[in-house]
Trainee: 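Pasting a structure here, questions to come.
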Amino acid sequence: MKIPPPPAEWISDRPGRNFVLLHGMVMAPAFWNVFAPDVTLDGRTVAYPLPGHHPWSLPVPGASLSVDQVVDAMAAAIIRDFSGEPVNLIGHSTGGFLSLLLAVRRPDLLSSVVLLGGFACGRFEGKERFAARMLRVPRVGPYVFRHFFKRWISTREQFRWGSIECVYDKSCPWEDDRAASAMEMVRADLLRTRPEDIASCVQFMSSTSILSDLPAVTIPVLNLIGVHDAIVPPSHQLRLSKLLPRAQTVLFGDCGHLVMVEQKRQMDKVIAGFLDPQSSVAAALGRQRANPFAPLIEGFDPDFSPALLARLEQFSSGDVEATRISSFAFPNGEGPHVEHNSHRHRHLAADRRAAQLGLQP
């Protein structure tokens with residue numbers, strides 16, 4: 001089965017650099033209308049949906065996806081919209097995963113990659129998303145997935161509660177009117193998305209690893225990491241910097257999984273500096289290359305030893321089996337969610353089934 005290239009949502013069409021924006025799982029291109037990096041507004045910038053996310057429906061509902069299918073479709077879209085000129089890819093979370101996949105398979109189409117909470121494999125030790133584990137339950141798994149997905153996006157409040165795990169400081173701009181409006185636009189697109197197509201994207205992502213391919217990537221990569229990311233472990237994100245030959249890394253304090261929301265002003269400066277080699281930010285990033293894992297935040301001293309990094313990887317020798325046996329007990333109608341910290345929120349777990357679904361990597 002061949003999947004068509006994704007439709008384009010143009011964020012900016014000014015003469016300048018070429019940019020492609022890729023959102024995270026169970027989001028939508030509309031998100032970038034509010035939170036696109038400022039530098040992208042002064043060039044030709046397009047946002048693509050992830051496979052199976054409206055308006056990029058799969059030809060057959062719930063059809064399985066392969067690496068070749070996804071890469072070929074994304075490459076065709078870039079060639080179509082930029083006439084084969086190279087682009088700067090900015091990917092959040094799963095969008096970062098696809099950005100690295102393109103860097104591995106189609107480096108001829110890229111000038112650089114910026115990762116925002118990105119990853120290179122779909123599973124992490126103790127951090128595999130509940131949705132992915134649920135989909136492996138024979139027969140009942142897809143039905144339960146569909147039920148939770150539809151319930152999660154059914155109301156504005158339910159959708160917001162399910163996304164709150166992504167941010168560290170709940171008083172950050174994530175709770176302002178602008179962010180709320182953006183998320184309502186995202187929800188409107190998800191309401192037009194088939195749950196079985198989302199399930200296919202989740203299964204594709206959770207069964208794919210490109211960790212072993214990263215040392216061959218020669219494209220410059222800027223890796224932006226929220227120190228308190230509860231969705232993609234910072235240790236995994238730092239491992240990407242270790243494996244990528246031309247990676248530059250910046251850690252953001254008081255920040256979770258949504259760098260573009262929680263630390264947008266600082267993020268804008270860093271990305272602009274990364275793209276402009278004459279800037280002071282670029283010079284600082286260049287000095288950092290001598291010791292890429294030195295803390296960039298005063299007083300922050302993470303324990304990311306090589307042994308810890310190795311333990312946190314889900315894949316070894318191409319193996320994609322979970323490192324821990326999945327449990328699918330549903331006491332009192334609730335699914336297990338090892339990442340939920342109820343003391344951080346005022347909402348009871350019983351009111352937050354959407355967050356337990358864990359669809360926001």
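Numbering of residues begins at 1 and proceeds along the displayed sequence.
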Trainee: Return the orientation label for the His236 and Phe119 ring planes: parallel under 30°, perpendicular over 60°, tilted otherwise.
Mentor: tilted
Trainee: Using side-chain heavy atoms (C-beta onward) and a distance below 4.5 Å, is Asn223 in contact with Leu244?
Mentor: no
Trainee: Just by distance, do the side chain of Thr193 and the backbone of His54 share a donor-acceptor pair under 3.5 Å?
Mentor: yes
Trainee: Would you mind checking if Asp38 and Arg265 are paired as a salt bridge, meaning a charged N to carboxylate O distance below 4.0 Å?
Mentor: no
Trainee: As a quick check of understanding, evaluate salt bridge (charged side-chain N to carboxylate O under 4.0 Å, His left out) for Asp72 and Arg105, giving each step before the final call.
Mentor: CA-CA 9 Å; Asp72 289 348; Arg105 294 293 192 96; over 6 Å; no
Trainee: Heavy atoms only: give me the nearest Gly62-Asp197 pair and the separation to one decimal.
Mentor: N-OD1, 2.9 Å
Trainee: Tell me whether the centres of the aromatic rings in Trp10 and Phe19 are closer together than 6.0 Å.
Mentor: no
Trainee: Keeping the roles fixed (side chain from Arg239, backbone from Ala120), state whether a donor-acceptor pair exists under 3.5 Å.
Mentor: no
Trainee: Do the non-hydrogen side-chain atoms of Thr218 and Pro107 ever get within less than 4.5 Å of each other?
Mentor: no
Trainee: Distance from Leu258 atom CG to Lys264 atom NZ, nearest 0.5 Å?
Mentor: 13.0 Å
Trainee: Can you see which heavy atom on Ser64 is nearest to which on Gln69, and at what distance?
Mentor: O-OE1, 3.5 Å
Trainee: List the steps, then state whether salt bridge (charged side-chain N to carboxylate O under 4.0 Å, His left out) holds for Glu184 with Arg187.
Mentor: CA-CA 5 Å; Glu184 189 60 13; Arg187 191 176 74 89; 2.8 Å; yes
Trainee: For a 4.5 angstrom cut-off between non-hydrogen side-chain atoms, does Pro51 reach Phe204?
Mentor: no
Trainee: Would you sort out whether Ser111 and Asn88 count as a side chain to side chain donor-acceptor pair (under 3.5 Å), showing the intermediate values?
Mentor: CA-CA 5 Å; Ser111 297; Asn88 299 283; 4.5 Å; no
Trainee: Under the 3.5 angstrom rule, does the side chain of His92 hit a backbone N or O of His257 as a donor-acceptor pair?
Mentor: yes
